[in-house]
Amino acid sequence: MKLTGNTIFITGGGSGIGRALAEALLKLGNQVIISGRRKGNLADTVKANPGMQSIELNVEDPASVATVAKKLIAEYPKLNVLINNAGIMQPDNVANTIDETLLVSTITTNLMGPMRMTGALIEHLKKQQHATVINVSSVLGFVPLAMATVYSSTKAALHSYSQSLRYKLKNTSVQVLELAPPWVQTDLLNSKEEPRAMPLAEFIEETIKVLGTDTEEVLVERAWELRNKTGTDEFVTQFNDQILQPQKSGVPVR
């Protein structure tokens, strides 16, 4: 991916990986527009990063997606990069009845959100000389975390969606990348101080380097262990057993 001279729209850009990625891409000479539901986070991020723009967006709401897409196309005609980063993660227990609100909200945000946002902007992106859609999934899309089954399932589905989208756009100017983070020190599951998680700054630095290559799956070194264990039931058991024993676990997740 070309790392400079882009006009980039990032969902969930007011905190965590989204904000850090937006700041890094802004410094590289890109125009960056962030979005999210929390006005305070957006305002703080823009204030700390002169030149960055923001727009309020609720990816759970089709009307909000449509309105924002229309506004982006009108105000940023050179928009050529969409980063579907917005996501939520909550613990669940599929051995019991799953809370309906958790189920619907997680699937709508993590899976339907990227699908809707991409669909709303794809015809515009096709008109650009070079365009990119980046879907932020997770290593948990390859090896599920049983204590967050719904989240893991949405990320597995997002991986599948990214593969299909890449195939359908193979003869266009739009490339499709999948960014699958490991466990990173963010607010997700209160992991900011988690010593087993990858420091956010370190993750962003390595991610930018990988983004600058011609890879379709953007993976930092810490993500490869789980990526390479896809579909191995024995490892899924081992992995989840380790997570339940924090003092013995060294496997990073997101």
Side-chain angles (χ1 to χ4, degrees), residues 1-3 6-13 16-22 24-25 30 32-36 57 59-60 62 65 68-69 72 79-89 106-126 128 130-144 148 150-170 172-182 184 186 188 203-204 206-208 210-220 223 226-227 230 253-254:
M1 173 183 166
K2 181 170 69 79
L3 292 179
N6 301 296
T7 300
I8 302 172
F9 176 62
I10 304 179
T11 67
I17 286 176
R19 173 171 176 165
L21 194 56
L25 290 169
N30 299 287
V32 177
I33 308 102
I34 62 170
S35 70
L57 167 67
V59 295
E60 291 189 64
V65 170
V68 167
L72 287 169
L79 177 70
N80 69 320
V81 178
L82 165 64
I83 303 179
N84 288 309
N85 169 75
I88 56 175
M89 181 182 190
T106 304
I107 293 174
T108 305
T109 300
N110 295 3
L111 181 59
M112 295 172 69
M115 288 181 168
R116 285 171 172 158
M117 199 73 247
T118 302
L121 291 174
I122 196 61
E123 293 304 324
H124 174 77
L125 294 174
K126 287 179 185 177
Q128 307 305 311
H130 300 288
T132 305
V133 174
I134 303 175
N135 292 322
V136 180
S137 62
S138 168
V139 293
L140 298 182
F142 305 113
V143 178
V150 179
Y151 175 87
S152 300
S153 299
T154 61
K155 295 304 184 177
L158 190 59
H159 170 66
S160 176
Y161 167 67
S162 298
Q163 290 181 307
S164 295
L165 184 65
R166 185 178 299 125
Y167 177 81
K168 295 294 287 185
L169 293 172
K170 64 181 180 179
T172 73
S173 63
V174 185
Q175 65 175 158
V176 178
L177 306 181
E178 178 182 358
L179 169 56
V184 179
T186 67
L188 213 61
F203 168 75
I204 294 297
E206 191 174 342
T207 293
I208 292 296
V210 180
L211 270 177
T213 69
D214 60 359
T215 187
E216 293 176 337
E217 287 188 6
V218 183
L219 299 164
V220 299
L226 296 191
R227 178 64 181 97
T230 305
V253 301
R254 179 180 187 265

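Below, all heavy atoms of this structure are taken into account, side chains as well, without hydrogens, waters or symmetry copies. The structure presented is a predicted model; accordingly, all values stated were derived computationally and were not measured.
Qualifying salt bridge (charged side-chain N to carboxylate O under 4.0 Å, His left out) partners for Arg116, counting only residues two or more places apart in sequence or in other chains: none. Partners of Glu60 according to the side chain to side chain contact (heavy atoms under 4.5 Å, CB included) rule, which considers only residues two or more places apart in sequence or in another chain, are Arg37, Asn58, Ser105, Thr108, Thr109.
Within the 4.5 Å cutoff, side-chain heavy atoms of Leu211 are placed close to those of Ile134. Taking 4.5 Å as the limit, some side-chain heavy atom of Ile33 sits within range of a side-chain heavy atom of Thr7. Using a 4.5 Å heavy-atom cutoff, the side chains of Leu188 and Tyr151 are in contact. Contact annotation: the side chain of Ile122 approaches that of Leu169 to within less than 4.5 Å [non-hydrogen atoms, C-beta and beyond]. The shortest distance between side-chain heavy atoms of Leu219 and Val210 does not fall below 4.5 Å. Proximity of Pro114 to Leu158: side-chain heavy atoms (C-beta onward) are separated by under 4.5 Å at one or more points. Counting only heavy atoms from C-beta outward, the side chains of Ile88 and Asn110 approach each other to under 4.5 Å.
Taking each heavy atom of Pro182 and Val139 in turn, the nearest pair found is CA-CG2, 3.9 Å. Of all non-hydrogen atoms in Phe142 and Ala180, the two that sit nearest each other are CE1-CB, 3.9 Å. The nearest pair of heavy atoms linking Val133 to Thr118 is CG1-OG1, 4.0 Å. Here the shortest heavy-atom pairing between Ile83 and Leu25 reads CD1-CD1, 3.8 Å. Heavy atoms only, all atoms of each residue included: Ile107 and Val150 are closest at CG1-CG1, 4.2 Å. Asn135 and Ser162 get closest at one heavy-atom pair: ND2-OG, 2.9 Å.
Annotation: the span from Ile34 atom CD1 to Leu21 atom CG amounts to 11.5 Å, rounded to 0.5 Å. Atom CE of Met1 is separated from atom OG1 of Thr215 by 13.0 Å, given to the nearest 0.5 angstrom. Note that CG of Leu57 and CD1 of Ile10 are 13.0 Å apart. Values are rounded to the nearest 0.5 Å. Gln163 contributes atom CD, which lies 6.5 Å from atom CZ of Arg166 (distance to the nearest 0.5 angstrom). Separation of atoms CZ (Phe9) and CG (Asn80) is listed at 14.0 Å; rounding is to 0.5 Å. Atom OG of residue Ser137 and atom CD of residue Glu178 lie 3.5 Å apart, to the nearest 0.5 angstrom.
Between the side chain of His130 and the backbone N or O of Lys2, no donor-acceptor pair lies under 3.5 Å. Between the Thr11 side chain and the Asn85 main chain, a donor and an acceptor come within less than 3.5 Å of each other. With Ser173 contributing its side chain and Gln128 its backbone, the two residues share a donor-acceptor pair below 3.5 Å.
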